[in-house]
Amino acid sequence: MVDPSLQPDAGDALLAEADSLHEATFHAVARHAGHAPGRVNLIGEHVDYCGGLVLPMAIDRRTVVVAAACDQPVVCAVSDAALDDAVTIAWGDVATLKGWGAYVAGVAEIMRREGMLAGIEGVTIAVASDVPLGAGLSSSASLEVATVMALIALSEQQRSPEEVARIARRAEHEFAGVPCGIMDQTISVMGVAGCALLLDCLDGSTRPVPLPTDVAVVVADTGVSHALATGEYALRRASCERALAAVNAGRTAPLAALRQATAADVAGASMDEVDRRRARHVVEECDRVAWFAAAMEAGDLSTCGILMNRSHESLRVLHEVSCPELDRLAAAARSCEGVFGARMTGGGFGGSIVALVAEARAEAVVGELIGAGATRAFVTHAAAGARSERIRPDRARRKDESAS
Ligand code: GLA
């Protein structure tokens with residue numbers, strides 16, 4: 001199955017789309033763009049908010065945001081995914097927004113508050129993306145990060161990758177109301193082509209882990225949108241915070257994060273049994289991530305697959321963030337020839353599974369997963385992280401010429 005968004009010019013096509021949308025909507029030419037990929041997490045799920053280890057990779061699907069300054073004190077935004085739903089909002093009213101506009105305007109508002117838009121009265125923004133929405137592939141983080149990148153370019157600022165991720169996450173916390181960890185924004189900024197990224201969410205350190213050339217990463221979407229599960233996400237986070245407090249009770253040197261607890265700490269502390277199951281998942285999942293990264297570096301894909309399967313079981317039984325559709329699709333993937341392992345990826349309660357597959361079988365497995373009920377399935381490649389660019393002033397004219 002040939003997916004048009006995987007063609008080499010996909011980035012340019014998206015840029016052209018965002019560019020035209022901006023011009024058609026705001027009758028102004030945008031000169032700055034931010035590009036930011038979605039992600040798939042290979043292993044290390046629901047541990048980033050506990051200072052854990054995660055191993056995501058940026059995917060070759062991205063969001064492009066183009067931006068220009070305007071002379072009104074407003075944020076105006078339009079998206080290819082919601083053409084009838086353009087947003088115009090005064091600074092200060094941004095908190096009243098819901099949906100995709102809250103992510104875009106939220107980022108702009110955070111940057112304005114932090115003094116990063118000095119001298120800019122207002123902004124017009126257009127968005128084009130081929131990251132599937134609601135599929136657990138971080139379309140929202142890619143939107144936030146692309147917006148930060150475009151506005152940094154517009155305001156002629158330099159920011160470190162960590163700062164870009166921090167701003168994007170702050171917007172998600174304050175304007176989208178999701179108390180997410182740092183994984184999605186970090187991998188969208190710092191992705192490395194051909195590699196997954198081992199990220200230590202306690203100290204922020206990263207290590208690229210190359211993907212062996214004989215393996216492919218396949219993503220399959222259940223079609224169940226996870227959008228309504230933000231309340232459950234916050235509950236998992238709160239559970240882990242209570243478990244940390246319980247482990248720390250009576251300790252002279254309290255742990256900074258649940259990730260530092262041992263299995264014995266979790267087993268021995270006095271806490272609610274549900275919280276204990278959540279904490280067990282976190283501690284064991286972090287061990288699996290370290291083991292997985294070492295196995296991948298050694299080319300031991302069978303071990304990687306076993307660890308992915310175990311991760312899924314732990315998310316299903318201990319952390320309780322899976323759903324029947326994810327369980328069925330992961331099981332279907334495991335039964336395909338050439339699959340080393342499969343698990344849910346992202347926040348759960350719907351969205352996608354990820355499978356590690358022998359390269360030669362990848363396209364066949366895509367077909368088999370569609371046959372098993374996936375609403376979409378594709379092979380994805382580890383891509384580089386976010387970037388910004390200055391759009392060529394002659395871009396529109398060149399487009400017209402090439403069309404004629
Ligand atoms: C969502 C959050 C991340 C992470 C994952 C689960 O994607 O945004 O911070 O917690 O869920 O691993």
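Counting starts at 1 for both ligands and their atoms, following the listed order. As a basis for the values below, the full set of heavy atoms in this structure was taken, side chains included, without hydrogen atoms, waters or symmetry mates.
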Answer yes or no: does an N/O atom from [X] fall short of 3.5 Å to an N/O atom of ligand 1?
| X | result |
| --- | --- |
| H46 | yes |
| C180 | no |
| Y233 | yes |

Determine whether a donor-acceptor pair (N or O, by modelled atom type, separation under 3.5 Å) exists between the side chain of [X] and the backbone of [Y].
| X | Y | value |
| --- | --- | --- |
| W91 | E121 | yes |
| S20 | A16 | yes |
| R334 | V339 | no |
| R343 | I353 | no |

Describe, in one word, how the ring planes of Y233 and Y49 are oriented to each other, choosing from parallel (under 30°), tilted (30 to 60°) and perpendicular (over 60°).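 Y233 and Y49: perpendicular rings.
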What's the shortest distance from atom 3 (C) of ligand 1 to any protein heavy atom, and which residue and atom give it?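 Closest protein heavy atom to atom 3 (C) of ligand 1: D48 OD2, 3.3 Å.
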Output the list of atoms in ligand 1 that are nearer than 4.0 Å to some heavy atom of [X], sorted by atom number.
| X | answer |
| --- | --- |
| G181 | 9 (O) |
| Y49 | 10 (O) |
| M183 | 4 (C), 5 (C), 12 (O) |
| D184 | 1 (C), 2 (C), 3 (C), 7 (O), 8 (O) |

Using 4.0 Å as the upper bound for N to carboxylate O, is an ion pair formed by E114 and R159?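 Not counted as a salt bridge, because no side-chain N and carboxylate O are separated by less than 4.0 Å.
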Would you call R361-E368 a salt bridge at under 4.0 Å N-O?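 So R361 pairs with E368 through a salt bridge.
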Which segment of R39 sits under 4.0 Å of ligand 1 when only heavy atoms are counted: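 For R39, the contact with ligand 1 is made by the side chain alone.
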